[in-house]
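Everything on this sheet refers to the single structure shown next.
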2 protein chains.
Amino acid sequence: MQNQEQDKALGEIVRSLGNANFPETLGNFVKKIIDFDNLIIIAYHKDINPEELYREYNSPIVYEKMQSHYLKAAYLLDPFYHAINNGIQRGIHCIFDLAPDQFKQTSYFYEYYQETTLIDEFCLFSHINHNTTLTACFGRDKKSGIRFGKTELKKIKSYENVLSTLCEQHWRSYQPKEGKNIVLPPVKHRLRTIMKDQHSISLSPRQTEVALYILQGHSSISIALNLNISKETVKVFRKQLYSKCSISSQAELFALLMPILSML
Amino acid sequence: MQNQEQDKALGEIVRSLGNANFPETLGNFVKKIIDFDNLIIIAYHKDINPEELYREYNSPIVYEKMQSHYLKAAYLLDPFYHAINNGIQRGIHCIFDLAPDQFKQTSYFYEYYQETTLIDEFCLFSHINHNTTLTACFGRDKKSGIRFGKTELKKIKSYENVLSTLCEQHWRSYQPKEGKNIVLPPVKHRLRTIMKDQHSISLSPRQTEVALYILQGHSSISIALNLNISKETVKVFRKQLYSKCSISSQAELFALLMPILSML
DNA sequence: TCAAGTATACCACACTGGGGTTATATACCC
DNA sequence: GGGTATATAACCCCAGTGTGGTATACTTGA
């Protein structure tokens, strides 16, 4: 994209600030630098469900799951969501940079990416206010076949600041819809309760915590780093967890817990 | 079960030979020895789709997938199906004895067992004729919570001969419904064609074969034993396969190939 | 005919997961 | 007070994956 064209496209976004077509012009600008198949803008909040603000698909793919499943519970396993909780910098980040080391072994990866046929994603983060972060996820699906190129990513990254600022400006007075979203207790508490109530399995806090990290795709070492304990200890919790659940592999843990997580 | 009662129950099966209630009486007999939650009887043939002959559920579980998916393509990954192709002995066998070593890591295990909530299965095999084998699969689902006991299995196994014989007798003139089932070229050919046509990935015969073994849950060593080649060679095929598919893990192979297999 | 691709085999290494053992300190409940 | 559960940590061993490299033989197409 030449400077003139770039200038014009940026101007278009600025003109659309506060208008309904803002997401569209944002998409148009990005598309001039790096081709994507779909765009979905989600607002994440503290303690309540995320909310979808915009979506655009160029391929006829079923995104019902997004609506019915992802926004209710599946987002709890999403690398982007956890990046926010861990205080991610505003700007552009790629999913595979943020994802835990064993993310691809994950049931979430398998189900979500198979459902959506996505193969790559990068995301523009904007901090709207102290408890709302906005993510604009640009995705490639398997029809395109290839992941985002490094040079293109570098190019779009050079605009990350202005793009984040524009989003923050456009959605500066955004508030989550009242009543529609429910205030939730921390995930680990909910998981523990459900395991107790529905499966008569009483997990210790640590065991529950480790379970959630495993679901997200963290290796034992990665969990150890997150919890500031030794990897041997993590393996102990893992073993206790498997033993209490009468299972003997990670795959079985996924099979056991994923339906529970969907139930929320 | 006492001898008298056993005698009576067996007599009941014999009396139902040739009648519609044969599967029911068979189930009743088995249930007196070993409690199960559901029973499904399937006829497997050479080169054409399997056919469901009977099913009985004690729990309100969705078995649509069985009808829509399993009988069309998913059975290709089923340990029972492969046991038949490898010339399994008639009689009773447990799923986890027949399953490949890495079966539980498998996407098939994950999807199928999560869908059906099954946790254990044993199966009565009967050889109807040279190209039809009948399987009566008795399953436990997660509502029961525990797998079949060893002593109970031993007990039911002592009846395996007579039960197989009774099935063979009852279905001795069974023929697959004409037209309803389609003659199919070997799976590896179909997979290869689809990969070429839809993904522009041309796999060598060996690479395709290895892919299918991986999908079934075989480790590299297990594949090597099956193909009569060294495990190192299997690993090479694996590498080539991953490289051609632009992936870097088994999990991604599942995500890539399972939808294709469903398409058939 | 020659280069490229395919099939075959072997070696070595790092990392993960799963299983087992042992040990100490704390906390909570009866 | 004593037993039980929990959290923590350090070892061991092994099987399996994934990645890198080397080498030979056969086939096939340009």
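Numbers restart at 1 for each chain; the letters A, B, ... are given by sequence-line order, proteins then strands. All of these numbers come straight from a predicted model, not from anything done at the bench.
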Sugar-phosphate, base or nothing in reach of Q250(A), heavy atoms under 4.0 Å: sugar-phosphate
Integer-rounded Å distance: dT17(D) P and I223(B) CD1: 8 Å
Angle by which the axis turns from one end of the helix from dT1(C)-dA30(D) to dC30(C)-dG1(D) to the other, five pairs per end, to 10 degrees: 30°
Reference residue Y242(A); test side chain to side chain donor-acceptor pair (under 3.5 Å); the match among K239(A), R238(A), K244(A), Q240(A): R238(A)
salt_bridge(K235(A), E232(A)) N-O dist < 4.0 Å: no
Separation of atom CZ in F103(A) from atom P in dT16(C), rounded to whole Å: 17 Å
K31(B) to F138(B) six-membered ring, cation-pi geometry met (6.0 Å, 45°): no
Donor-acceptor pair under 3.5 Å, K235(A) side chain vs dG18(C) base: yes
Distance-only polar pair, side chains of S107(A) and Y110(B), donor-acceptor under 3.5 Å: yes
K104(B) bridged to E252(A) by N-O distance under 4.0 Å: yes
Between dG18(D) (C1') and D101(A) (CG): distance, integer Å: 14 Å
Given dC11(C), dT17(D), dT8(C), the nucleotide with the shortest approach to the side chain of R238(B): dT17(D)
Separation of dA15(D) P from Q102(B) CD (nearest whole Å): 12 Å
Residue mapping more 5' on DNA chain D - nearest nucleotide basis, T233(A) or K244(A): K244(A)
Residue K239(B), side-chain heavy atoms: nucleotide from dT17(D), dG21(D), dG18(C) that is nearest: dG21(D)
Shortest side-chain distance from Y242(B), nucleotide among dT19(D), dG18(D), dA9(C): dG18(D)
Side chain of P205(B) (C-beta onward), nearest among dG19(C), dA7(C), dA10(D): dA7(C)
Distance, rounded to the nearest Å, where I221(B) contributes CD1 and dT17(D) contributes P: 8 Å
Closest to the V236(A) side chain, choosing from dA10(D), dA7(C), dG18(C): dA10(D)
Worked verdict on Y213(A) versus L227(A) for side-chain contact (heavy atoms from CB on, under 4.5 Å): CA-CA 10 Å; Y213(A) 274 108; L227(A) 296 180; 3.7 Å; yes
Integer-rounded Å distance: dT19(D) C1' and I247(B) CD1: 14 Å
Criterion side-chain contact (heavy atoms from CB on, under 4.5 Å) on I201(A) and C245(A), from CA distance to verdict: CA-CA 7 Å; I201(A) 297 171; C245(A) 297; 4.3 Å; yes
Atom-to-atom span, NZ of K104(B) to P of dG16(D) - whole angstrom: 15 Å
